[in-house]
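Because the structure is a prediction, the values reported are computed rather than measured.
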Amino acid sequence: QVQLQESGGGLVQAGDSLRLSCVASGRTFSSASMGWFRQAPGKEREFVAGISWTGGLKGYADSVKGRFSISRDNAKNMVYLQMNSLKPEDTAVYYCALGRTSRMVREKTDFSSWGQGTQVTVSS
């Protein structure tokens with residue numbers, strides 16, 4: 001069983017940047033894809049970004065493409081989400097997730113483990 005812990009959330013102003021981190025423990029995650037999701041109040045949890053286990057393939061939601069960047073460091077069991085040009089509509093709890101396979105995926109059902117989430121609030 002793998003445990004995931006996010007960090008790096010906070011309160012920022014529109015246009016600012018934040019970098020979220022997620023550390024995995026319990027077993028190696030280097031053979032699994034990873035993803036970031038977010039959930040705003042009253043809304044479904046939605047895909048934000050995903051990365052294959054090699055880091056060679058990345059995918060983004062249209063709403064964050066060009067502003068967010070996902071990366072990983074398998075030696076440190078870490079995955080990151082660099083968020084630039086933040087907007088109020090990016091306000092949500094952000095979750096990292098462990099994929100069931102090595103391929104970059106986007107559906108919630110393709111992920112087997114989830115972190116507790118970190119709050120990101122963007123003021124206008």
Side-chain angles (χ1 to χ4, degrees):
Q1 186 73 18
V2 65
Q3 291 80 44
L4 304 173
Q5 180 64 58
E6 305 92 340
S7 61
L11 172 62
V12 297
Q13 293 187 330
D16 285 350
S17 298
L18 274 177
R19 188 194 195 204
L20 304 184
S21 299
C22 174
V23 60
S25 60
R27 70 166 175 86
T28 181
F29 82 151
S30 62
S31 61
S33 65
M34 295 294 294
W36 285 96
F37 286 74
R38 67 186 182 187
Q39 188 166 17
K43 294 189 176 182
E44 295 282 326
R45 189 172 300 189
E46 64 175 2
F47 172 81
V48 175
I51 186 168
S52 63
W53 81 271
T54 63
L57 186 60
K58 304 175 184 180
Y60 299 93
D62 288 344
S63 59
V64 306
K65 202 171 294 183
R67 300 188 297 122
F68 290 13
S69 178
I70 189 171
S71 61
R72 66 189 295 164
D73 184 340
N74 289 345
K76 297 181 179 179
N77 279 7
M78 297 288 294
V79 63
Y80 307 97
L81 185 68
Q82 178 66 42
M83 306 186 294
N84 299 327
S85 302
L86 282 161
K87 304 176 181 180
E89 50 263 44
D90 294 318
T91 295
V93 177
Y94 283 71
Y95 301 88
C96 70
L98 180 78
R100 297 184 188 276
T101 73
S102 61
R103 297 177 295 107
M104 195 280 291
V105 289
R106 297 171 177 261
E107 300 297 325
K108 290 190 291 289
T109 53
D110 291 323
F111 293 86
S112 59
S113 296
W114 298 81
Q116 295 297 307
T118 185
Q119 176 71 47
V120 172
T121 304
V122 184
S123 64
S124 57

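A 4.5 Å side-chain heavy-atom check between V48 and M83 finds every atom pair outside the cut-off. Counting only heavy atoms from C-beta outward, the side chains of R38 and V120 never approach each other to under 4.5 Å. Contact of the Y94 side chain with the E6 side chain is not registered, since no non-hydrogen atoms from C-beta on lie closer than 4.5 Å. Two residues are said to be in side-chain contact when any heavy atoms from C-beta on lie closer than 4.5 Å; I70 and Y60 meet this criterion. W36 is not listed as a side-chain neighbour of I51, based on a closest heavy-atom distance of 4.5 Å or more.
Between V122 and T91 the shortest heavy-atom distance is N-OG1, 2.9 Å. Closest approach of C22 to L4, counting heavy atoms only: SG-CB, 4.0 Å. The minimum heavy-atom distance between V105 and S33, with the atom names listed, is CG2-OG, 4.0 Å. Taking each heavy atom of A32 and G99 in turn, the nearest pair found is CB-O, 3.5 Å. Considering every non-hydrogen atom in both N84 and S17, the closest pair reads OD1-OG, 2.9 Å. In this structure, S21 and M78 approach most closely via the heavy-atom pair CB-CE, 3.7 Å.
Between the CE atom in M34 and the CG atom in N77 there is a gap of 9.0 Å [rounded to 0.5 Å]. The distance from the CZ atom of R19 to the CG atom of L81 is 10.0 Å, given to the nearest 0.5 Å. For the atom pair Q13 CD and S124 OG, the distance stands at 9.0 Å (nearest 0.5 Å). The OG atom of S71 lies 8.5 Å from the CD atom of Q82; values are rounded to the nearest 0.5 Å. Atom OG of residue S112 and atom CZ of residue R100 lie 5.0 Å apart, to the nearest 0.5 angstrom. Taken from CD in E44 to NZ in K108, the straight-line distance is 5.5 Å, to the nearest 0.5 Å.
At most 12 heavy atoms of other shown residues, nucleotides or ligands fall within 6.0 angstrom of atom CD in Q116.
A chain of hydrophobic side-chain contacts below 4.5 Å, direct or via other Ile, Leu, Val, Met, Phe, Trp or Tyr residues, connects V2 to V79.
A salt bridge does not link R103 with D110: none of the charged nitrogens is closer than 4.0 Å to a carboxylate oxygen. Between K65 and D62 there is a salt bridge, since a side-chain N of the basic residue sits under 4.0 Å from a carboxylate O of the acidic one.
Of the possible polar contacts, none joining the S52 side chain to the S102 backbone as a donor-acceptor pair under 3.5 Å is found. Without hydrogens or angle criteria, R72 side chain to G55 main chain gives no donor-acceptor distance under 3.5 Å.
Applying ring pair (Phe, Tyr, Trp, His ring centres under 6.0 Å) to F47 and the options F111, F68, Y95, F37 leaves one that passes, F37.
For Q119 and T121, the side-chain atoms include at least one donor-acceptor pair closer than 3.5 Å.
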